[in-house]
Amino acid sequence: MALRELKKELNQMNKTEIIKLILEMYKKIPDAKNYLNIFTTGDIEQLTEKYKKEIERYIYPNGRNMDLRETEARKIIRTVRKMNITELNIELELHYVSCCLEIIEDFGYWDENYYIALEKMFDNAINGISELGMEDKYNEKVISLSSKASEYGIELEY
């Protein structure tokens with residue numbers, strides 16, 4: 001169903017039916033529940049911690065073969081971006097960069113695509129920070145990440 005059709009259907013429903021629909025979505029769709037919780041409380045902290053743990057699970061090596069699955073971590077971030085909560089995106093993007101830099105530091109990992117993805121994620125976070133005007137809040141963290149990256153020849157410009 002296209003957005004236009006959905007809007008038409010919602011306009012035909014009364015308030016009680018819309019509330020019932022939202023409550024059903026809240027009960028049955030975890031991402032809808034997450035979004036509605038943030039919408040009503042404005043608190044992203046609990047959700048941020050949940051997604052940070054998921055990101056770590058994929059970024060840090062797993063098993064005897066030390067398999068890196070950072071692409072899965074990026075998928076989580078892309079999914080979260082669809083909620084359009086910029087501060088949540090920033091937190092997860094900077095966490096991704098931090099975790100990747102730890103992998104580089106701990107294992108001497110070198111892969112051009114890995115570095116490119118890391119740089120893009122950092123740029124996305126910087127854009128979000130600028131969009132929200134939150135430079136003061138993130139300044140220390142961004143400078144720290146940029147400095148650490150430069151030790152490995154990665155330029156994260158701020």
Side-chain angles (χ1 to χ4, degrees), residues 1-63 67-103 111 113-146 148-149 156-158:
M1 176 183 293
L3 191 58
R4 174 184 263 167
E5 294 167 353
L6 176 61
K7 186 176 180 179
K8 183 180 174 183
E9 288 296 319
L10 290 172
N11 280 326
Q12 293 175 1
M13 297 171 80
N14 65 38
K15 183 179 177 179
T16 305
E17 292 171 322
I18 292 173
I19 290 172
K20 183 179 176 185
L21 174 65
I22 292 171
L23 292 174
E24 283 298 311
M25 290 171 57
Y26 187 86
K27 285 190 248 176
K28 294 180 180 178
I29 306 169
D31 286 337
K33 180 177 182 176
N34 292 335
Y35 180 79
L36 290 168
N37 283 341
I38 292 171
F39 178 78
T40 56
T41 66
D43 182 17
I44 65 165
E45 199 166 312
Q46 186 177 16
L47 197 55
T48 300
E49 291 308 312
K50 173 188 174 230
Y51 285 122
K52 279 183 176 181
K53 287 177 184 170
E54 286 184 36
I55 288 168
E56 289 170 7
R57 192 176 82 223
Y58 289 117
I59 288 181
Y60 293 115
N62 187 16
D67 294 328
L68 297 175
R69 300 177 300 161
E70 79 284 346
T71 54
E72 296 298 321
R74 289 195 304 269
K75 285 180 188 176
I76 291 169
I77 293 171
R78 281 193 303 272
T79 300
V80 170
R81 282 182 187 148
K82 292 176 185 175
M83 284 193 255
N84 204 22
I85 303 168
T86 306
E87 190 172 359
L88 176 62
N89 298 340
I90 293 166
E91 289 288 335
L92 298 181
E93 290 161 350
L94 291 178
H95 186 66
Y96 173 91
V97 171
S98 178
C99 292
C100 288
L101 288 173
E102 285 182 26
I103 294 299
D111 178 83
N113 291 331
Y114 191 83
Y115 282 28
I116 290 169
L118 187 149
E119 290 169 354
K120 284 182 182 178
M121 196 66 69
F122 185 81
D123 289 343
N124 286 337
I126 296 302
N127 291 336
I129 291 168
S130 296
E131 179 185 318
L132 295 179
M134 299 181 96
E135 290 85 357
D136 290 343
K137 178 178 180 178
Y138 290 101
N139 190 47
E140 189 176 315
K141 186 170 193 168
V142 167
I143 288 172
S144 173
L145 290 172
S146 182
K148 188 172 184 176
L156 300 180
E157 297 193 21
Y158 176 51

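Only this structure's heavy atoms are used, side chains among them; waters, hydrogens and symmetry mates stay out. Computed from a predicted model, the values in this text were never measured in an experiment.
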* Asked: Passes side-chain contact (heavy atoms from CB on, under 4.5 Å), N37 versus L47? Steps please.
  -> CA-CA 9 Å; N37 283 341; L47 197 55; over 6 Å; no
Would you say the side chain of [Y] lies within less than 4.5 Å of the side chain of [X], judging by non-hydrogen atoms?
X: F122; Y: V142; result: yes
X: L21; Y: I18; result: no
X: D31; Y: T79; result: yes
X: T48; Y: L88; result: yes
X: Y51; Y: I77; result: no
X: L94; Y: I129; result: yes

Measuring from atom [atom1] of [X] to atom [atom2] of [Y], what distance do you get when rounded to the nearest 0.5 angstrom?
X: I103; Y: D111; atom1: CD1; atom2: CG; answer: 13.0 Å
X: L156; Y: D123; atom1: CG; atom2: CG; answer: 7.5 Å
X: M83; Y: N34; atom1: CE; atom2: CG; answer: 5.5 Å
X: I143; Y: K148; atom1: CD1; atom2: NZ; answer: 16.0 Å
X: E70; Y: Y114; atom1: CD; atom2: OH; answer: 5.5 Å
X: L92; Y: K50; atom1: CG; atom2: NZ; answer: 10.5 Å

More than 12 heavy atoms of other groups within 6.0 Å of [X] [atom1]:
X: D136; atom1: CG; value: no
X: K33; atom1: NZ; value: no
X: E157; atom1: CD; value: no

Looking only at heavy atoms, what is the nearest atom pair of [X] and [Y], with distance?
X: M13; Y: E17; answer: CA-OE1, 3.2 Å
X: R74; Y: M121; answer: CG-CE, 3.7 Å
X: Y96; Y: A117; answer: OH-CB, 4.0 Å
X: E56; Y: C99; answer: CG-SG, 3.9 Å
X: L132; Y: E87; answer: CD1-N, 3.7 Å

* Residues E72, K75; criterion salt bridge (charged side-chain N to carboxylate O under 4.0 Å, His left out); working and verdict -> CA-CA 5 Å; E72 296 298 321; K75 285 180 188 176; 3.3 Å; yes
Is the closest basic N to carboxylate O distance between [X] and [Y] below 4.0 Å?
X: K52; Y: E91; answer: yes
X: E24; Y: K27; answer: yes
X: K8; Y: E5; answer: no

* Asked: So, N11 side chain and K7 main chain: donor-acceptor pair closer than 3.5 Å or not?
  ->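 Yes: the side chain of N11 pairs with the backbone of K7.
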* Asked: Are the side chain of S144 and the backbone of E140 linked by a donor-acceptor contact shorter than 3.5 Å?
  -> no
* Among I55, L118, L145, I59, find the residue that satisfies the side chain to side chain contact (heavy atoms under 4.5 Å, CB included) test when tested with S98. =>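 With S98 as partner, side chain to side chain contact (heavy atoms under 4.5 Å, CB included) holds for just one option, L145.
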* Asked: Does a side chain donor of either Y35 or N84 reach within less than 3.5 Å of an acceptor in the other side chain?
  ->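 No pair is found: no donor N or O on one side chain lies under 3.5 Å from an acceptor on the other.
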* **E93: which of K141, R81, K120 passes salt bridge (Lys or Arg N to Asp or Glu O under 4.0 Å)** =>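 Between E93 and the candidates, salt bridge (Lys or Arg N to Asp or Glu O under 4.0 Å) is satisfied uniquely by R81.
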